[in-house]
Number of protein chains: 2
Amino acid sequence: MIEILIADDHAMFADGLESILEGQEEITVKSKCHDGNGVIDYMADSKVDIILLDVNLPGMNGIEVCKEISTKYPDTKVIAISMFNEESIVTEILNNGAKGYILKNTGREELILAIKKVVAGESYFSKEVTETIMKSLMNQRKNSVKSNSILPKISRREKEVLKLIVEEFTTQEIADKLFISLKTVESHRSSLLAKLSARNTAGLVRIAMENNLI
Amino acid sequence: MIEILIADDHAMFADGLESILEGQEEITVKSKCHDGNGVIDYMADSKVDIILLDVNLPGMNGIEVCKEISTKYPDTKVIAISMFNEESIVTEILNNGAKGYILKNTGREELILAIKKVVAGESYFSKEVTETIMKSLMNQRKNSVKSNSILPKISRREKEVLKLIVEEFTTQEIADKLFISLKTVESHRSSLLAKLSARNTAGLVRIAMENNLI
DNA sequence: GTTAAAACTAGGGTTTTCACCCATTTATAA
DNA sequence: TTATAAATGGGTGAAAACCCTAGTTTTAAC
């Protein structure tokens, strides 16, 4: 039996969800909350398998609720529900532990499918949401490929040094690891600074990670 | 008119693609290649709008070809074609500039849709490929959420300082920007080192970027 | 097969960061 | 109310990073 908590401040919508789910014999709606704190309070006493969580909740918003639930109760999975298919919101709540994201115009069958998938340990997104994520993913790649192309070649030794710098080793430690002089490592650092047009270690690490040349 | 180059070492498959596409009056198959170098040579003389590129090509493999084409001829879009729906391959070729990825069991209509989408500047992926990407995306998030949870709270001022450190400003410059003393900034740096358990600036930047707290 | 460019090596001198030590004032939470 | 954390600032000294120069070796190009 899949136990569910519904969190939505629009009573009518929450009731609608409940009546849809009551038709399913393997699903029970344990309770309904109308704000973020209600969810936190409910979880302090009882547990459920799935929380259907409206992103725009009064008081404590959905993203904060999701973060707290995901860290405190990792066995409870959150499916975010929203009117909006905005990339920033989707990304934000997924980064905070939501296992699914469906839009409010989602049909009965899709909702039940989403719940079953998430219970099975998978994730589920509405078709439109998937498109949004993929679009933003491709934009990221476009940018990273662009910046990649202007990067000059980093030599084998320089790459070794860079890797160790990112791993927080000091110049002396790197010298010992590579069996070369402190001064040689400093030399490689200088070349790296010039090639990557960085001003200091911070820049080296940032550029190394942005272009993952580690 | 959309001009296409087909690159696949299985002649029969390449011919099949060609005959499918010949039925479309807005599409012309300009040529077919059977290895990676053939693609590079062809592009040196003529240009096309789309390359349907098999990932597993003899000689120069599809990923290298894709990288070279995407950087040299950004107007030519690459759609990767493969038998396999493996996350590592998909990620690799997308990172090297492919605009689409379809499986070899893709039907006629879907192939044509993919071509039209990519020509229009969008990207296209088979349903199965999309699922694979989303799955790996969620695994990444799962890991990053895990590591996030052990991070202590960074205060507002510390976050400001951290952001400027990542942007390659020196302590003195940060002090000037925030209208506070050099010593205060050093104080914040120390707190950051302790809280994020980093040894030096490199660690601060790495952790800041890994957990994107910028 | 010479030549030029890049890579790898390293020393001297300067600037920045870091590690301790400390203190005051102001929010925030228990 | 009483700690606890945040934000501010100071001094000293060591360690690390950075800048400039320069020799040898390897690689690439002509």
Side-chain angles (χ1 to χ4, degrees), chain A residues 36-37 40-41 44 59-60 64 67-68 71-72 149-209 213-214, chain B residues 68 149-209 211 213-214:
Chain A
N37 299 101
I40 305 294
D41 293 345
M60 192 181 190
E64 292 170 60
K67 186 176 190 173
E68 181 149 348
T71 50
K72 273 196 186 166
S149 56
I150 50 165
L151 280 184
K153 284 164 208 153
I154 309 299
S155 76
R156 168 194 133 265
R157 207 53 156 171
E158 282 160 357
K159 196 174 282 186
E160 284 183 277
V161 171
L162 182 57
K163 182 170 149 53
L164 293 170
I165 290 173
V166 174
E167 289 171 1
E168 295 178 54
F169 292 105
T170 68
T171 302
Q172 183 61 63
E173 289 166 344
I174 295 171
D176 294 344
K177 270 181 190 288
L178 301 182
F179 304 106
I180 53 181
S181 155
L182 176 79
K183 279 301 174 183
T184 306
V185 179
E186 287 190 339
S187 212
H188 290 310
R189 286 189 90 118
S190 295
S191 311
L192 284 166
L193 288 174
K195 285 188 180 177
L196 303 179
S197 45
R199 295 181 63 196
N200 49 35
T201 304
L204 289 185
V205 176
R206 183 179 51 76
I207 295 167
M209 297 197 68
L213 15 103
I214 38 170
Chain B
E68 181 149 350
S149 56
I150 49 165
L151 280 185
K153 286 163 206 153
I154 309 299
S155 75
R156 169 194 132 263
R157 206 54 158 170
E158 283 161 357
K159 195 175 284 185
E160 285 183 275
V161 171
L162 183 56
K163 182 169 147 55
L164 292 170
I165 291 173
V166 174
E167 289 171 0
E168 297 177 51
F169 294 104
T170 68
T171 303
Q172 184 60 64
E173 288 166 344
I174 295 171
D176 294 344
K177 268 182 188 291
L178 300 181
F179 304 106
I180 55 181
S181 154
L182 177 79
K183 275 302 182 179
T184 306
V185 180
E186 283 190 348
S187 221
H188 290 310
R189 284 190 92 119
S190 296
S191 310
L192 285 166
L193 287 173
K195 286 187 180 176
L196 303 179
S197 45
R199 296 181 64 197
N200 48 35
T201 304
L204 289 185
V205 176
R206 183 179 53 74
I207 296 166
M209 297 197 68
N211 301 288
L213 10 109
I214 38 170

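These figures come from a predicted structure and were not determined experimentally. Atom set for the values below is all heavy atoms of this structure, side chains included, hydrogens, waters and symmetry mates excluded.
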Once you apply a heavy-atom cut-off of 4.0 Å, does A:T184 come out as touching a base, just sugar-phosphate, or nothing? base
Given that A:L193 and B:I180 both sit by DNA chain D, which one's nearest nucleotide is further toward the 5' end? B:I180
Side-chain N or O of A:T201 versus OP1/OP2 of D:dC18: is the shortest distance under 4.0 Å? yes
Of all nucleotides in DNA chain C with an atom under 4.0 Å from a non-hydrogen atom of chain A, which is the first and which the last going 5' to 3'? C:dA7 to C:dG13
What is the minimum heavy-atom distance between B:L204 and B:A198, and which atoms define it? N-CB, 3.8 Å
Could you give the NE2-to-C1' distance, from A:H188 to D:dC18, as a whole number of Å? 16 Å
Using a 4.0 Å heavy-atom cut-off across all strands, classify A:E186 as base, sugar-phosphate, or nothing. base
Side chains of A:R157 and A:I180 in contact at under 4.5 Å (non-hydrogen atoms): yes
Minimum-distance pair of heavy atoms, taken over all atoms of B:V205 and A:R206: CG1-N, 3.7 Å
For A:Q172 and D:dA17, give me the distance from atom CD to atom C1', rounded to whole Å. 13 Å
B:R189 atom CZ is separated from D:dA17 atom C1', nearest whole Å, by 11 Å
Taking only the side-chain nitrogens and oxygens of A:T171, find out if one of them lies under 4.0 Å from OP1 or OP2 of D:dA16. no
Please examine the side chains of B:E168 and B:E173, heavy atoms only from C-beta on, and report whether any two atoms are closer than 4.5 Å. no
Can a side chain N or O of B:R157 be found less than 4.0 Å away from OP1 or OP2 on D:dT8? yes
Minimum-distance nucleotide (side-chain atoms of B:S181 versus D:dA17, D:dC18, D:dG10): D:dG10
For DNA chain C, which residues of residues 158-169 of chain B approach it to below 4.0 angstrom with any heavy atom? none
Touch check for A:L182, heavy atoms < 4.0 angstrom, all strands: base, sugar-phosphate only, or nothing? nothing
Is a donor-acceptor contact shorter than 3.5 angstrom present between the side chain of B:K183 and the base of D:dT12? yes
Counting C-beta onward and ignoring hydrogens, is there a side-chain heavy-atom pair between A:T201 and A:R189 closer than 4.5 Å? yes
Is the shortest heavy-atom distance from the side chain of B:L192 to the side chain of B:V161 under 4.5 Å? yes
I need the CG-P distance between B:L204 and D:dA17, as an integer number of Å. 13 Å
Least distance between heavy atoms, A:E158 atom then A:K153 atom: OE1-O, 4.4 Å
Rounded to whole Å, the CG-P distance (A:L192 to D:dA17) equals 13 Å
Has A:K159 got more than 12 heavy atoms of other residues, nucleotides or ligands less than 6.0 Å from its NZ? no
Earlier contact from the 5' end, DNA chain D, for B:R199 and B:S187: B:S187
Passing option when B:K195 is tested against B:I154, B:L162, B:I207 for side chain to side chain contact (heavy atoms under 4.5 Å, CB included): B:I154
What I'd like to find out is whether the side chain of A:L164 reaches to under 4.5 Å of the side chain of A:L178, using heavy atoms alone. yes
